[in-house]
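Worksheet: one structure, shown below.
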Amino acid sequence: MLEITTIRQNPEAVIARLKVKYVENAAEMVAQILQYDAQRRSLQQQRDDLLNRSNTLAQEIGQLYKQGKRPEADALKAETLSLKESIKQAEADFASIDEQLNQTLVQLPNLPHELVPEGATPEENFEIRRGGTIPALHDKAQPHWDLVQKYRLIDFETGAKITGSGFPLFVGRGAKLQRALINFFLDRATEAGYTEYIPPHVVNHASAYATGQLPDKEAQMYHVTLDDLYLIPTAEVPLTNIYRDVILPESELPIRLTGYTPCFRREAGAAGKDTRGLNRLHQFDKVEIVQVQHPEHSYAALDEMVLHVEQILQSLQLPYRIIRLCGGDMSFASAMTYDFEVYSAAQQKWLEVSSVSNFETFQANRLQLRYRDANKKNRLAHTLNGSALALPRIMAALLENNQTPDGIVVPDVLCPYTGFSMID
RNA sequence: GGAGGUUUGGCAGAGUGGUCGAAUGCGGCGGUCUUGAAAACCGUUGUACCGAAAGGUACCGGGGGUUCGAAUCCCUCAGCCUCCGCCA
């Protein structure tokens with residue numbers, strides 16, 4: 001959520017920035033917000049004046065009672081009766097406009113950073129660089145969904161039987177390889193200074209709201225209605241919410257967190273689209289990295305996170321490319337996002353395996369995550385997060401790219417984790 | 001799941017219908033003293049919104065109610081603790 005003061009101080013700049021994200025009705029929304037804001041302030045003044053009068057009267061009545069002046073006190077009570085009605089009305093008016101202001105405000109996306117390229121579709125994203133080499137596969141190379149069957153690594157059918165499609169069942173060396181990747185990613189993150197957490201996999205309404213999953217993306221989450229809890233779509237939600245309603249001493253910044261969790265996504269409306277094999281699942285594993293940063297250092301931190309992810313891909317020897325998303329392709333809450341894609345050689349496709357974003361104060365504003373600066377002023381911190389990394393598509397690319405006529409070669413860095421160097 | 005207790009400022013802890021945004025202690029910050037530090041002493045020390053300012057308003061776990069007036073009384077929800085039950 002944008003800060004109301006930013007909009008109040010420079011509405012034109014806000015509208016101009018939102019154009020980069022192709023928000024068509026930005027001008028209308030901003031105008032609406034400014035109008036609500038003005039109304040809200042005037043209504044607060046009215047309400048506060050009435051409350052002030054009521055407080056004064058109550059005090060006077062108390063004094064009069066104390067002095068034994070009952071009749072005088074009772075006379076004053078008469079005024080408070082009508083005052084009560086006005087206060088009730090004033091409070092309702094204020095609450096209603098406050099609610100409307102908030103509802104409009106949460107619908108406004110974050111402002112993109114000035115380096116974000118203008119563009120509406122993924123075609124207009126900006127490729128930063130590439131790394132690794134695309135392997136030349138042998139004649140009988142297969143896509144991963146055939147490989148996992150051939151070597152009995154993942155059983156999609158039984159997963160579907162137990163739960164439904166998109167819930168894979170990992171088996172034997174497939175399970176071991178998955179666990180190896182999780183441990184490998186976590187070790188890289190903790191070596192880079194991230195503190196490891198194992199958070200709850202289910203969150204309440206307040207947490208889902210604070211990181212922006214609610215109210216807009218409710219359909220993306222599995223909802224446990226009996227307890228009004230949500231299965232996490234990403235570890236970002238519980239990890240970032242550790243710092244909800246927190247004021248940090250400036251000296252504690254930056255904060256670096258990591259955690260492995262399964263992620264649950266309903267993917268409503270995505271049925272049939274790239275859903276073969278591991279490409280798109282309802283449950284998948286991911287290691288997430290999160291940073292809480294001083295505003296002055298958040299973009300350096302973003303670069304650092306990009307480098308972190310890049311080095312992991314390099315050590316796995318996967319061909320990758322890094323893309324800076326254009327305004328139209330960026331998420332609602334992000335000010336700048338880098339996507340990582342790896343090349344899945346048998347599918348002959350680039351697959352998104354990580355997304356690293358700086359949210360600046362957008363998320364912190366909802367979280368009420370602040371730090372106390374040198375002048376003892378509380379300021380919103382910057383939050384960043386990224387996948388490091390999402391497992392399924394890494395697994396898909398590894399299996400496809402490393403297949404040989406004799407079996408699938410396990411990358412060197414993973415062998416200590418798997419205990420085997422070849423799947424045959 | 002049942003019974004009881006509890007939830008107050010960074011922490012500890014008082015307050016049980018009016019002058020309480022809230023005593024006191026610790027911690028923090030500033031100062032005096034000191035070559036420096038400690039100790040001692042003095043001062044200061046919550047958050048948010050409105051306002052040019054003066055000042056105003058709200059917040060004592062969340063929500064609602066009683067009352068002219070609620071941290072204090074009532075209802076309700078949640079967290080924590082203890083005992084019982086169940087259980088990995």
Side-chain angles (χ1 to χ4, degrees), chain A residues 1-9 33-106 198-210 214 224-230 238 241-253 255 262 292 361 364-381:
Chain A
M1 183 161 69
L2 288 177
E3 290 163 272
I4 183 69
T5 47
T6 342
I7 300 172
R8 201 187 287 154
Q9 280 162 12
I33 286 166
L34 289 176
Q35 192 204 324
Y36 284 146
D37 181 47
Q39 282 178 29
R40 198 192 87 101
R41 284 191 280 174
S42 123
L43 285 173
Q44 176 175 349
Q45 198 63 65
Q46 287 175 34
R47 182 202 63 175
D48 286 359
D49 288 346
L50 288 171
L51 283 169
N52 184 18
R53 179 65 190 147
S54 160
N55 287 344
T56 313
L57 278 176
Q59 267 175 30
E60 281 172 13
I61 291 168
Q63 287 298 325
L64 289 173
Y65 271 128
K66 214 160 246 178
Q67 293 161 16
K69 297 176 179 170
R70 256 202 115 80
E72 288 88 335
D74 289 340
L76 282 184
K77 275 195 194 179
E79 183 183 346
T80 64
L81 240 71
S82 65
L83 198 54
K84 261 184 154 176
E85 285 307 306
S86 321
I87 289 174
K88 217 172 182 177
Q89 188 59 51
E91 285 191 321
D93 290 348
F94 174 78
S96 144
I97 205 79
D98 189 49
E99 170 75 14
Q100 286 184 68
L101 173 62
N102 257 310
Q103 275 183 14
T104 316
L105 213 45
V106 294
I198 301 178
H201 297 169
V202 178
V203 295
N204 58 29
H205 190 278
S207 292
Y209 177 84
L214 292 177
V224 184
T225 51
L226 203 56
D227 300 290
D228 195 21
L229 297 171
Y230 295 87
N241 268 284
I242 295 170
Y243 289 95
R244 169 153 51 91
D245 293 322
V246 169
I247 301 174
L248 294 159
E250 194 170 13
S251 58
E252 279 189 30
L253 296 178
I255 286 163
V292 180
T361 60
N365 192 28
R366 276 215 217 179
L367 287 161
Q368 282 301 294
L369 163 51
R370 292 167 292 175
Y371 69 96
R372 192 180 298 272
D373 75 6
N375 302 318
K376 297 188 177 178
K377 288 275 283 181
N378 294 332
R379 302 193 177 282
L380 292 173

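The chains referred to below are lettered A, B, ... by the order of the sequence lines, with proteins before strands, and numbering in each begins at 1.
Nucleotide B:U24 has B:A12 as its partner under the Watson-Crick or G-U criteria, with both atom distances under 3.5 Å. In this structure, B:G4 and B:C81 make a Watson-Crick or G-U wobble pair, each of the two defining distances being under 3.5 angstrom. Base pairing annotation: B:C41 forms a Watson-Crick or G-U wobble pair with B:G31, both donor-acceptor distances under 3.5 Å. In this entry B:A58 has B:U47 as its Watson-Crick or G-U wobble partner, both defining distances falling under 3.5 Å. The nucleotide B:A52 finds no pairing partner, because no Watson-Crick or G-U wobble arrangement with both distances shorter than 3.5 Å includes it.
The CZ-P distance, from A:R41 to B:G56, rounds to 21 Å in whole Å. The CG atom of A:L83 sits 13 Å away from the P atom of B:C68 (whole-angstrom rounding). Atoms NZ (A:K77) and C1' (B:G18) sit 13 Å apart, rounded to a whole Å. Rounded to an integer number of Å, the gap from A:D245 CG to B:G79 P is 17 Å. At whole-Å resolution of the value, NZ in A:K377 and C1' in B:U47 are 12 Å apart. Rounded to a whole Å, the CG atom of A:L76 is 9 Å from the C1' atom of B:C68. One atom, CZ of A:F94, and another, P of B:G56, lie 18 Å apart when rounded to the nearest Å. One can place OH of A:Y36 at 18 Å from P of B:C50, the figure rounded to the nearest angstrom.
Under the 3.5 Å distance criterion, the side-chain polar atoms of A:S54 are left unmatched by any main-chain donor or acceptor of A:L50. Judged by distance alone, the side chain of A:S42 and the main-chain N or O of A:A38 form no donor-acceptor pair under 3.5 Å. Side-chain atoms of A:N241 come within 3.5 Å of backbone atoms of A:S207 as a donor-acceptor pair (strictly under, hydrogens ignored).
Side-chain contact annotation: A:N55 with A:Q59, donor-acceptor N/O pair under 3.5 Å absent. With no hydrogens or angles considered, no side-chain donor-acceptor pair links A:Y209 and A:N204 at under 3.5 Å.
A residue-by-residue look at A:K88 and A:E91 shows that A:E91 has its nearest nucleotide of RNA chain B further toward the 5' end. Each of A:G62 and A:D37 has a nearest nucleotide on RNA chain B; the 5'-most of these lies closest to A:G62.
Of the P atoms belonging to B:A71 and B:C33, the separation is 44 Å, rounded to the nearest Å. Comparing B:A3 with B:G61, their P atoms sit 24 Å apart, to the nearest whole Å. Across B:G69 and B:C11, the matching P atoms stand 32 Å from one another, rounded to whole Å. Rounded to the nearest Å, the gap between the C1' atom of B:G9 and that of B:U45 is 11 Å. One C1' atom belongs to B:C29, the other to B:C81, and the distance between them is 35 Å to the nearest Å. Separation of the P atoms belonging to B:C87 and B:U16 is 47 Å when rounded to the nearest angstrom. Across the C1' atoms, B:G21 and B:A39 are found 33 Å apart, a figure rounded to whole Å. Look at the P atom in both B:U35 and B:A53: the space between them is 45 Å, to the nearest Å.
Across all strands, A:R70 comes closer than 4.0 Å to no nucleic acid atom at all (heavy-atom distances). Backbone-only engagement by A:L51 is indicated by non-hydrogen atom pairs under 4.0 Å involving sugar-phosphate atoms exclusively. Contacts of A:R372 with the nucleic acid, taken as non-hydrogen atoms under 4.0 Å apart, involve only primed sugar atoms and P, OP1 or OP2. Among the protein residues, A:N55 comes within range of the sugar-phosphate backbone only, with heavy atoms under 4.0 Å from sugar or phosphate atoms but none that close to a base.
Among B:U57, B:C68, B:U47, the nucleotide with an atom closest to any side-chain atom of A:Y65 is B:C68. Proximity note for A:A58 (side chain, C-beta onward) versus B:G18, B:C50, B:U57: the nearest is B:G18.
Phosphate proximity of B:U57 to A:N52: present, with a side-chain N or O under 4.0 Å from OP1 or OP2. In this model, the phosphate group of B:C49 is not approached by any side-chain N or O of A:R47 to a distance below 4.0 Å at OP1 or OP2. For the OP1/OP2 pair of B:A48 and a distance below 4.0 Å, the side-chain nitrogens and oxygens of A:N378 include at least one atom meeting the criterion. Close to B:G69, at under 4.0 Å from its OP1 or OP2, lies a side-chain N or O of A:K84.
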- Hey, mind stepping through A:D227 and A:V202 against side-chain contact (heavy atoms from CB on, under 4.5 Å) and telling me if it holds? CA-CA 11 Å; A:D227 300 290; A:V202 178; over 6 Å; no
- Task: Before giving the answer on side-chain contact (heavy atoms from CB on, under 4.5 Å), spell out for A:M1 and A:N102 the whole-Å C-alpha distance, their side-chain angles and the decisive distance to 0.1 Å.
- Result: CA-CA 9 Å; A:M1 183 161 69; A:N102 257 310; 3.8 Å; yes
